[in-house]
Amino acid sequence: MPPLFFGLYRARKRPKASTTSIEQDISAIGRCTSNKHQLAQFGTTVQSALKEKPRKAGDIEKKLQDIVGEVKRKIGALDVDGQEHRESCRGILQWGSDEIRSILQQNGKSQRKIRKRVEEENQAIQQDMKLDQNIVRNSLMAQPKSGWTVYFMDDPKKDPLILEVSFYGYDDVMYYLNSENIIKSPELWIKRSDGDVQTFTSSRSWWIYVEPSESVGEMALYVVNMQKRNHSTYTVALVKDGDDREFPVPIDNGTLGKHLGYIWRDQYRVCSARKFDSPGQNVLGLVLDTIQFKIRKNELYITVKKLGP
C-alpha cells in the first residue's frame, strides 16, 4: 500500500493554517474510505498543486482547501456500506482530482503533466478495484466464523472483547466494530510467533497489519483506533513490562521517547527502545517519521517498568 501524502513527517517549520487544515481533512478522509491507492494519488495531486505559483490573482491554497473539504464532507455523508461505499468514494475522489487538475490547467500546467496525473489516478483506481474483487471473492468462498477475540492496542489494560458473531472476513469485522460504535475507525492486526523476525523475547512474537480483503486466518485480532491517531500513518512497537507481559502499542507522533513518556506518564517508565534489525542501538531519541520507521510495521521492541505500587 502506498503511503498517504499527509503522514508522519519531520517538521522544521510551522505550517500555514490552511495547509494544516488540508492535512487534517485528508487524514480524516483516510479514516472513512478503503480506497487507499486512489486516496494516496489524490494526496499527490494536492501536493503538486500546493507547489504551484498561480499566474492569475487568487489564492490557490484556498481553492484546494475548499475542494478537499468538499471531498471530506461528501464521503463523510455517505449512508451506504461495502462495495457501494467504495464505488461512491471512487467517484467523489475522481471529482476532487478533476477539480484540482482544472485549477492547474488554468494556471498553465502542461497538458502532458496533467495527462500523466490522470494515468496515475487510473492505475490507482485499478489497484483498489482489484482489492475490491478479492474482498468479494473471499466472501463468496469463505464460511462464516464466530468466536472472535478483539484486543485493544490503544488500551492494553482493557479486557479483550469476545464476539460471538459470524463474519466472513476481516472487512466484516471492521464494519461491525464501526457500526456498533465500538471503534469508529478500526484497523486490524494479527499476532505472529514464527521465524526470527525478533529475537528479543523467547515468545518470538510480532504483529502484522492485515488488509480488509485478506482471507481470514487468525481469530484473535488486535485493533488500532484511527480516531486516536494524530496522523493517518503509524508504527507498532512490541512492549515488554517488568512482569514479562508482552503487548503491542501503536505510536505516531514526535520523538519516540517523548511520545511514550506522554501516553504512559502515570503508568510506565520507558527503559529502552530498539529496532528488530539493530538490537544494539537505543532509538528513543529518533523522530517518528517514515524515514526512521516503516508505516504499519512492527519493528520495535520496548522495555518498560511500572510506576508506583
Gap between atom CD of Glu211 and atom CG of Asp171 - 0.5 Å precision: 11.5 Å
Side chain to side chain contact (heavy atoms under 4.5 Å, CB included) involving Gln281 - partner list, sequence neighbours excluded: Ser278, Val283
Under 3.5 Å: donor-acceptor pair, side chain of Ser102, backbone of Asp98: no
Under the side chain to side chain donor-acceptor pair (under 3.5 Å) test, residues paired with Asn298 that sit two or more places apart: none
Side chain to side chain contact (heavy atoms under 4.5 Å, CB included) evaluation trace for Lys63 with Glu99: CA-CA 10 Å; Lys63 294 177 181 177; Glu99 290 293 306; over 6 Å; no
Spatial distance of atom CG (Leu163) from atom CG (Leu177) [nearest 0.5 Å]: 6.5 Å
Those residues that, when tested against Glu121, pass salt bridge (Lys or Arg N to Asp or Glu O under 4.0 Å) (two or more places apart): Arg101
Pairwise distance OH(Tyr176) to CD1(Ile183) - rounded to 0.5 angstrom: 12.5 Å
Spatial distance of atom CD1 (Ile26) from atom CG (Leu39) [nearest 0.5 Å]: 7.0 Å
Shortest non-hydrogen contact from Pro160 toward Thr149: CB-CG2, 3.8 Å
Side-chain touch Arg86/Asp128, heavy atoms, less than 4.5 angstrom: no
Under 3.5 Å: donor-acceptor pair, side chain of Lys184, backbone of Asn225: no
Salt bridge (Lys or Arg N to Asp or Glu O under 4.0 Å) partners of Glu70, counting only residues at least two apart: Arg73
Pairs where residues 152-161 contributes a residue and the test salt bridge (charged side-chain N to carboxylate O under 4.0 Å, His left out) is met, not counting sequence neighbours: Asp154-Arg229
Criterion side chain to side chain contact (heavy atoms under 4.5 Å, CB included) on Trp206 and Leu238, from CA distance to verdict: CA-CA 7 Å; Trp206 53 291; Leu238 160 62; 5.9 Å; no
Check: Thr44 main-chain N/O paired with Ser48 side-chain donor or acceptor under 3.5 Å: no
Straight-line distance of Leu50 CG to Ile22 CD1, nearest 0.5 Å: 5.0 Å
Closest non-hydrogen atom pair, Ser185 against Asn178: N-OD1, 4.2 Å
Considering all heavy atoms, the nearest Thr33-His85 contact: CA-CE1, 4.3 Å
Sub-4.5 Å side-chain heavy-atom contact between Val224 and Tyr209: no
Value rounded to 0.5 Å, distance of CG in Leu188 from OH in Tyr222: 12.5 Å
From CA spacing to verdict: side chain to side chain contact (heavy atoms under 4.5 Å, CB included), Lys275, Leu300: CA-CA 4 Å; Lys275 297 178 74 171; Leu300 280 172; 3.8 Å; yes
Minimum heavy-atom distance Trp95-Ile67, with the two atoms named: CZ3-O, 4.1 Å
Stepwise side chain to side chain contact (heavy atoms under 4.5 Å, CB included) check, Gln41 with Gln38: CA-CA 5 Å; Gln41 188 57 47; Gln38 188 183 4; 5.6 Å; no
Nearest heavy atoms of Val71 and Phe42, plus distance in Å: CG2-CZ, 4.1 Å
Under 3.5 Å donor-acceptor, Gln198 side chain and Phe200 backbone: yes
Verdict with reasoning, Ser203 to Ser193, per side chain to side chain donor-acceptor pair (under 3.5 Å): CA-CA 7 Å; Ser203 72; Ser193 299; 5.7 Å; no
Partner residues of Lys74 under the side chain to side chain donor-acceptor pair (under 3.5 Å) criterion, sequence neighbours left out: none
Flag, side chain of Ser179 to backbone of Tyr175, donor-acceptor distance under 3.5 Å: yes
Gly69 to Asp25 - nearest heavy-atom pair and separation: CA-OD2, 3.7 Å
Glu120 with Arg117: basic N within carboxylate O range, under 4.0 Å: yes
Aromatic plane relationship, Trp148 with Tyr170 - under 30° parallel, 30 to 60° tilted, over 60° perpendicular: perpendicular
